[in-house]
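Data block below; observations after.
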Amino acid sequence: MLSQQIADPQPLEARVATLEAEIAQMRQILSAFTQKKSPWWLKVAGSFENDPNFDEVTRLGQEWRKS
């Protein structure tokens with residue numbers, strides 16, 4: 001294995017530069033997946049507004065907690 005590394009025609013600096021470029025490309029690709037997204041609850045907040053079924057569930061829940 002050491003003989004292969006010594007016989008490698010590409011100098012170490014060039015290999016490191018190649019690796020750095022590949023890492024930069026990987027970071028750019030991964031940044032699309034790790035961007036901060038809004039919390040899930042913001043997507044559903046207010047979705048039950050003016051819903052008579054939800055109002056009834058809320059009323060029954062309050063009634064049960066008071067008992």
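Here the CE atom belonging to M26 is positioned 10.0 Å from the CG atom belonging to L19, to the nearest 0.5 angstrom. Of the inter-residue distances, the one linking L30 atom CG with Q28 atom CD reads 10.5 Å to the nearest 0.5 angstrom. Summarising the geometry, atom OG1 belonging to T58 is positioned 12.5 Å from atom CD belonging to E63; distances are rounded to the nearest 0.5 Å. The distance from the CG atom of D55 to the CG atom of L60 is 11.0 Å, given to the nearest 0.5 Å.
By the side-chain hydrogen bond (donor to acceptor under 3.5 Å, both in side chains) test, E56 is found to be paired with R59, residues two or more places apart in sequence or in another chain being considered.
In this structure, W40 is a member of the same hydrophobic cluster as L42, with clusters built from ILVMFWY side-chain heavy atoms closer than 4.5 Å.
Few gaps surround CD on Q62; more than 12 heavy atoms of other groups in view lie less than 6.0 Å from it.
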